[in-house]
A.B. asks: 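Just passing along the structure, written as structure tokens.
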Amino acid sequence: MKKRNLSIIVCLLAGQIFAQSLPQLGKDKVKDVIAAMTLEEKVNMVMGLGNATWSNPKDGKPTVIVPGAAGCTYDIPRLGIPSTVMADGPAGLRIVAEPNNAQGTRYCTAFPTATAMASTWNTDLEEQVGKAMGNEVLEYGCDVLLAPALNIQRNPLNGRNFEYFSEDPVVAGKMAAALVRGIQSEGVGTSIKHFAANNQETNRGSINEVISQRALREIYLRGFEIAVKESDPWTVMSSYNRINGFHSAENYDLLTTVLRKEWGFKGMVTTDWTSGTDWVNQMHAGNDMIMPGEQKQAEELLKAVKDGRLDEKVLDENISRILEYIMRTPRFKDYHYSNKPNLKENALTALHAAEEGMVLLKNDNNALPFKKVKEVALFGKTSYHFIAGGTGSGEVNYRHAVSLQEGLENAKYKLAVPLKNYYTNIIDSILGANTDAQKEFGGNKKFAIDRMSEIGLSENLIRTCAKKTDIAVITLGRTTGEGSDRKENNYFVLSDAERNMIQQVCDAYHAAKKKVVVVLNIGGAIETESWKNYPDAILLAWQTGQEGGNAVAHILSGKVAPSGKTAQTFPVKYADVPSSKTFPGEPSDNPINSFYTDGIYVGYRYYDSFNVKPSYEFGYGLSYTTFKYSDLKLSSTTFNDKMDVTVTVTNTGKVAGKEVVQLYLSAPQNTIEKPVQELKGFAKTRLLKPNESQTLTFTLNGRALASYWSGISSWVADAGKYEVKVGSSSRNIRATASFNLDKSTVIEKDHYALQPDRHVKEISVKM
Ligand code: BGC
């Protein structure tokens, strides 16, 4: 008996000593931790545990750590490896809000969408927004925010454009880098996505994007390159689509040659959620983590190692990057989150961001800010039901989004009561009822209002309002979301009901010598050319986040002067969009290939080079004040490694304001065709009082001068004269200067990578 007891004690001690002697993540070398894993653990380690509806492959138990988070990583407690949590998304944290949760409500702040943020052109503000988002990620117990999304807005019908910044890669890259820096400053991670060329939702999981190497390097990869080099994101998310034949997650050129070898990315790559088909190739390509993870994928990898299709060393390498990531997380550091982020402070940040992203498109006879306005007639269903953001994974579960009705009332304006009652009765009846629209949008009633057609108005009601109120404000709204693209007719072009509303209201108010303002609560460019002459003012509010109504009211009242400029072109008509004939691919009813015949001519690069007049150009936006540009100076007349450019901006108007200054470069065209001008830098002044000046400095490096020559896989700067154009928009250049590059120079030699799997005939100005 005694002997048995002794042997049990010896066994227990041995077990403990054994457990203690197991390598532990954070204490021992990563390679030793990996060496202690079984093969089964290794194949599970390279994939997530699924989301709330899935279960842990180890014990079948649900894996929810934070309800509503998009996914979490595999844990091996005996090796000190915890599960970490990844949650969407670009406009704020997306987790499930639990109003009665004892631990806290878990509502999150809805910030303006990326499109609105890009219109601020304010990287410091974007960094602050990132910090606020990071605070919510940290305090709600998550480790990574699956953001920012920085695909190029190639075509206005892309359903996810609201999640993306711009048609220009410099704007997209710089804004993304700022957001990453802000979020990561809170000690949580980011996942820049969707790498790369995820420019449409139609057949996004299978579409083959056929793109020239030059267009890839200069347009579709460039923003990611800037973000990786300027902000060191913890993770990168590969995209669903194929590029030149290969799914991004299975694309060695993309994930290893370009991302890691050329750009020096050291972090972890994850797939998008259930992306690609060949998980073994994902491992080979350098896609470390398969998300959200399924048991069948682990089984396939296990089989592949056993039958020799997958070298265990490849797994080890991917796991080492996963473990390096895990060691950075709050969960690994055992951070005790509070479930109480600074929601009040973050709401204020969301408000300032929304104000700065708003773009004044038109302001005839200084219709804005309001003068002697006491009573406002508020038209359009969206005025009473503002759109904070788009749908899908980019949504945020906020507590309340301030409508324009509430915003104006908060700012102490009186609203036309019969009109308000008319709209709110209809809206309330829909929100209270179980309509088809409500069912269609997953029971989420708010989308029923966003997507229903505009509510008709009687002439009598409009006439009465025109008589009794001081000004009319009409809001037009648009919602789009993940999973589908839009059609020209139900999205880009106004509906007849919207057009009639604008026309009738303008006729009645103008007859009464009163003004009309249109507010656009939209996620991307719509047609404006055919109706923009009617109203006196147009304010492009974008999808504003939860504080939208207050932010619009502050601009209308003049409390804040608008300082946003659009980072995407508003074309006159859809047919003018360079990709309109090829989007979303061929065959058009169920596309397999999408041919990027527009090449590098995306957005203003096209409109400016092909002399196509837009309705509102890239970089456009008015203010309540005016600015003078002076003293444009270059550090030298000849380019040598770098060139500094300075310019002074003075507020010459009567109210305080901020100005966005854009630097375009026109390069000589000796050997390679180029757009007539390209954005190479931008800056925003601080709030300048009347007569106050600020000098801004930009630095151009070799890459700013260079174009990508596919034949030699190199960035080459042509010899000749370069013109520096400093402007308040792409078509309002306020000062120019020039310098020379004495001889053509290879600025950077890259690998031959990502070649198209078939010929793409690109458009050319010489055609
Ligand atoms: C989206 C990603 C998102 C992921 C997780 C995917 O459908 O494309 O942007 O991060 O889901 O929710």
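All residue numbers in this chain count up from 1 along the given sequence. Counting convention: from 1, in listed order, for ligands and their atoms alike.
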A.B. asks: Can you tell me which residue and heavy atom of the protein come closest to atom 2 (C) of ligand 1, and the distance to 0.1 Å?
C.D. replies: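 Heavy-atom neighbour on the protein nearest atom 2 (C) of ligand 1: Asp272 OD1, 3.3 Å.
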
A.B. asks: Do Leu49 and Ser83 come close enough that some side-chain heavy atom pair is under 4.5 Å?
C.D. replies: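 SC-SC contact between Leu49 and Ser83 confirmed.
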
A.B. asks: Under 4.5 Å between any side-chain heavy atoms of Leu301 and Trp279, yes or no?
C.D. replies: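 A side-chain contact under 4.5 Å exists here.
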
A.B. asks: Side chains of Gln568 and Ser166 only: does a donor on one sit below 3.5 Å from an acceptor on the other?
C.D. replies: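 Looking only at side-chain atoms, Ser166 and Gln568 do not form any donor-acceptor pair under 3.5 Å.
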
A.B. asks: Select one of side chain, backbone, both or neither to describe which atoms of Glu201 lie under 4.0 Å from any atom of ligand 1, heavy atoms only.
C.D. replies: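 For Glu201, there is no contact with ligand 1 at all, from either part.
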
A.B. asks: Backbone or side chain, does any N or O of Arg94 fall under 3.5 Å from an N or O of ligand 1?
C.D. replies: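 No; the residue has no nitrogen or oxygen that sits under 3.5 Å from a nitrogen or oxygen of the ligand.
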
A.B. asks: I'd like to check Tyr140 versus Lys340 (side-chain heavy atoms, cut-off strictly below 4.5 Å). Are they in contact?
C.D. replies: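 No. Closest side-chain heavy atoms not under 4.5 Å.
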
A.B. asks: Can you tell me the protein heavy atom closest to atom 9 (O) of ligand 1 and the distance?
C.D. replies: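 Checking every protein heavy atom, the shortest distance to atom 9 (O) of ligand 1 gives His194 NE2, 2.7 Å.
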
A.B. asks: Write down the atom of Met175, the atom of Glu126, and the distance for their closest heavy-atom approach.
C.D. replies: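 For Met175 versus Glu126, the nearest heavy atoms are O-CG, 3.4 Å.
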
A.B. asks: Just which atoms of ligand 1 are under 4.0 Å from any heavy atom in Ser393?
C.D. replies: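 The list of qualifying atoms is 1 (C), 2 (C), 3 (C), 9 (O), 12 (O).
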
A.B. asks: Would you mind running through ligand 1 and noting each atom that sits below 4.0 Å from a heavy atom of Ala70?
C.D. replies: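 Reading through ligand 1 atom by atom, the close ones are 5 (C), 12 (O).
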
A.B. asks: What is the closest protein heavy atom to atom 7 (O) of ligand 1, and at what distance does it sit?
C.D. replies: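 Answer, as residue, atom name and distance: Glu482 OE2, 2.5 Å.
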
A.B. asks: Out of all atoms in ligand 1, which are within 4.0 Å of some heavy atom of Lys193? Include the element for each.
C.D. replies: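 In order of numbering, the contacting atoms are 2 (C), 3 (C), 9 (O), 10 (O).
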
A.B. asks: Show which atoms of ligand 1 fall inside a sub-4.0 Å distance from at least one heavy-atom site of Asp88.
C.D. replies: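 Every atom of ligand 1 under 4.0 Å from some heavy atom of Asp88: 3 (C), 5 (C), 10 (O), 12 (O).
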
A.B. asks: Report the part of Met291 (side chain from C-beta onward, or backbone N, CA, C, O) that has a heavy atom under 4.0 Å from ligand 1; answer both or neither where that applies.
C.D. replies: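 Answer for Met291: neither.
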
A.B. asks: Testing Ile322, Ile326, Ile319 for side-chain contact (heavy atoms from CB on, under 4.5 Å) with Met268, which one passes?
C.D. replies: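 Per the side-chain contact (heavy atoms from CB on, under 4.5 Å) rule, the option paired with Met268 is Ile322, out of Ile322, Ile326, Ile319.
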
A.B. asks: Does at least one non-hydrogen atom of Met86 fall below 4.0 angstrom from an atom of ligand 1?
C.D. replies: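 Contact absent.
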
A.B. asks: Quick one: are Leu145 and Val188 in side-chain contact, heavy atoms under 4.5 Å?
C.D. replies: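 The answer is no; the side chains never approach within 4.5 Å.
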
A.B. asks: Mind checking whether Glu163 contacts ligand 1 via backbone (N, CA, C, O), side chain (CB onward), both or neither, at a 4.0 Å heavy-atom cut-off?
C.D. replies: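 Contact part for Glu163 vs ligand 1: neither.
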
A.B. asks: With a cut-off of 4.0 Å, which atoms of ligand 1 are near a heavy atom of Met237?
C.D. replies: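 Every atom of ligand 1 under 4.0 Å from some heavy atom of Met237: 10 (O).
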
A.B. asks: Looking just at side-chain N and O atoms, do Asn158 and Tyr164 make a donor-acceptor pair shorter than 3.5 Å?
C.D. replies: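 Asn158 vs Tyr164: no donor-acceptor pair found between side chains.
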
